[in-house]
Protein chains: 2
Amino acid sequence: MWCFPLEKKLSEIKEQFKEHRLTPQRRLVLEIFLENRDGHLSAEEVYQLSREKKGEIGLATIYRTLELLEALGLLHKINFGDGRSRYELVPVDYSEHHHHHHLVCLVCGGILEVEEDLLHQLEELIEAKHNFCIVNHNLQFFGYCSRCQQDGGKDKQG
Amino acid sequence: MWCFPLEKKLSEIKEQFKEHRLTPQRRLVLEIFLENRDGHLSAEEVYQLSREKKGEIGLATIYRTLELLEALGLLHKINFGDGRSRYELVPVDYSEHHHHHHLVCLVCGGILEVEEDLLHQLEELIEAKHNFCIVNHNLQFFGYCSRCQQDGGKDKQG
DNA sequence: TTTGATGCAAATGGTTTGCATCGGG
DNA sequence: CCCGATGCAAACCATTTGCATCAAA
């Protein structure tokens with residue numbers, strides 16, 4: 001039987017799926033994200049991972065599933081400017097202002113996550129100054145990761 | 001004769017164009033960005049603006065020109081997640097740490113620029129903690145602009 | 001059983017590329 | 001003149017959609 005190793009109870013997940021069917025394909029996609037918590041997977045990557053596991057899922061279904069899981073608040077969609085959308089699991093303790101940022105290495109393409117937020121004060125400043133109601137933000141740093149600084153970027157996609 | 005109303009002297013621009021030809025098409029694209037300093041133009045928008053002016057430029061040429069101008073450091077490429085790349089003029093007083101951020105309205109799609117940076121301390125923290133050499137960043141805030149908060153988003157693309 | 005989900009293939013839309021022609025330096 | 005630039009059309013690639021079939025509840 002399929003085991004759902006998420007902090008969140010399966011019943012809660014099912015609750016979020018109220019109007020939607022928990023099909024094997026959707027379970028597999030969730031499973032893939034749970035097994036790749038530190039990854040930022042594109043649709044194509046989810047597709048490749050699905051065929052490496054039990055069952056291959058149609059690419060169209062993957063796209064539709066990713067869209068659904070994002071709407072259900074289980075995934076976050078991110079754009080790193082590499083021409084494809086990527087998704088990451090939304091942490092359980094996620095709240096309006098508990099965000100993390102991404103360090104994108106320009107050499108190996110690796111993506112690190114950092115916890116520091118420090119954007120509260122800036123958001124407050126902006127909301128007051130421009131009367132702009134902020135509901136989300138996106139902060140990415142581009143540069144060179146420690147490994148690529150050392151070996152001069154011998155390998156790609158590390 | 002074509003006048004280059006950029007703060008930067010034309011001679012400097014030509015210097016940056018050393019290996020490249022300053023063709024009418026490239027001049028027109030530059031001109032369009034100079035006349036839309038507060039805009040964040042997509043290739044398609046530059047194309048439309050080019051046909052509204054003197055001469056229409058082929059879309060392929062626009063893409064190639066945008067790529068060139070970015071490589072020359074005259075334009076910045078930005079991705080707001082709307083499925084197309086956008087470009088903005090790089091300000092003359094641009095320096096490593098003089099960045100601005102974007103407020104993207106989720107209703108009308110309007111884009112405001114804000115001057116506040118306040119990212120220095122965060123960058124220093126990250127560079128020290130993760131040994132990641134930051135060369136650029138990308139900060140976008142998504143939410144509701146003041147006008148859309150008022151009229152409930154009656155109109156689009158304001 | 002019924003309605004939503006799947007999968008395939010075709011359509012879409014932004015972007016890139018091959019190639020013959022053009023023209024700036 | 002020569003080599004890089006242009007323009008057109010075709011190719012590309014990520015993503016979406018139409019539709020017949022399938023299966024979860």
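A, B, ... follow the sequence lines: proteins, then strands. Residue 1 opens every chain.
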For [X] and [N], what is the distance between atoms [atom1] and [atom2] respectively, to the nearest whole Å?
X       : N      : atom1 : atom2 : value
B:Leu66 : D:dA5  : CG    : C1'   : 15 Å
A:Phe80 : D:dA14 : CZ    : C1'   : 17 Å
A:Tyr87 : D:dA14 : OH    : C1'   : 11 Å
B:Arg26 : C:dC22 : CZ    : C1'   : 14 Å
A:Tyr47 : D:dT15 : OH    : C1'   : 15 Å

Checklist entry - With A:Phe80, which residues qualify under ring-ring contact (aromatic ring centres under 6.0 Å, His included), at least two apart? => result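 ring-ring contact (aromatic ring centres under 6.0 Å, His included) check on A:Phe80 returns A:His40, A:His102.
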Checklist entry - Between B:Thr23 and D:dT6, does any side-chain N or O lie under 4.0 Å from OP1 or OP2? => result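 True: B:Thr23 side-chain N/O within range (under 4.0 Å) of D:dT6 OP1/OP2.
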Checklist entry - Are any of A:His20's side-chain N or O atoms less than 4.0 Å away from OP1 or OP2 of C:dG4? => result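 No.
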Checklist entry - Can a donor-acceptor pair under 3.5 Å be found between the side-chain atoms of B:Arg21 and the base atoms of C:dG25? => result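 Such a pair does not exist between side chain and base.
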Next on the checklist: Treating primed atoms plus P, OP1 and OP2 as sugar-phosphate and everything else as base, which nucleotides of nucleotides 7-16 of chain C get B, S or - for protein heavy atoms under 4.0 Å?
Outcome noted: BBB----SBB
Checklist entry - Quick one: NE2 on B:His101 to CD1 on A:Ile126, what's the gap to the nearest 0.5 Å? => result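 The CD1 atom of A:Ile126 is 6.5 Å from NE2 of B:His101, to the nearest 0.5 Å.
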Next on the checklist: What's the separation between atom CG in B:Leu72 and atom NE2 in B:His20, rounded to the nearest 0.5 Å?
Outcome noted: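 The NE2 atom of B:His20 is 5.5 Å from CG of B:Leu72, to the nearest 0.5 Å.
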Next on the checklist: Restricting to non-hydrogen atoms, name the atom on B:Gln149 and the atom on A:Asn131 that form the minimum distance, rounded to 0.1 Å.
Outcome noted: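 So the minimum-distance heavy-atom pair works out to NE2-O, 2.9 Å.
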Checklist entry - Can you list every side-chain hydrogen bond (donor to acceptor under 3.5 Å, both in side chains) pair that touches residues 55-70 of chain A, not counting sequence neighbours? => result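 Residue pairs with at least one partner in residues 55-70 of chain A: A:Tyr47-A:Glu56, A:Arg51-A:Glu56.
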Checklist entry - Given the rule in the side-chain contact (heavy atoms from CB on, under 4.5 Å) test, do B:Glu44 and B:Leu59 qualify, once you have shown the distances and angles that lead to the verdict? => result CA-CA 7 Å; B:Glu44 184 64 33; B:Leu59 241 191; 3.8 Å; yes
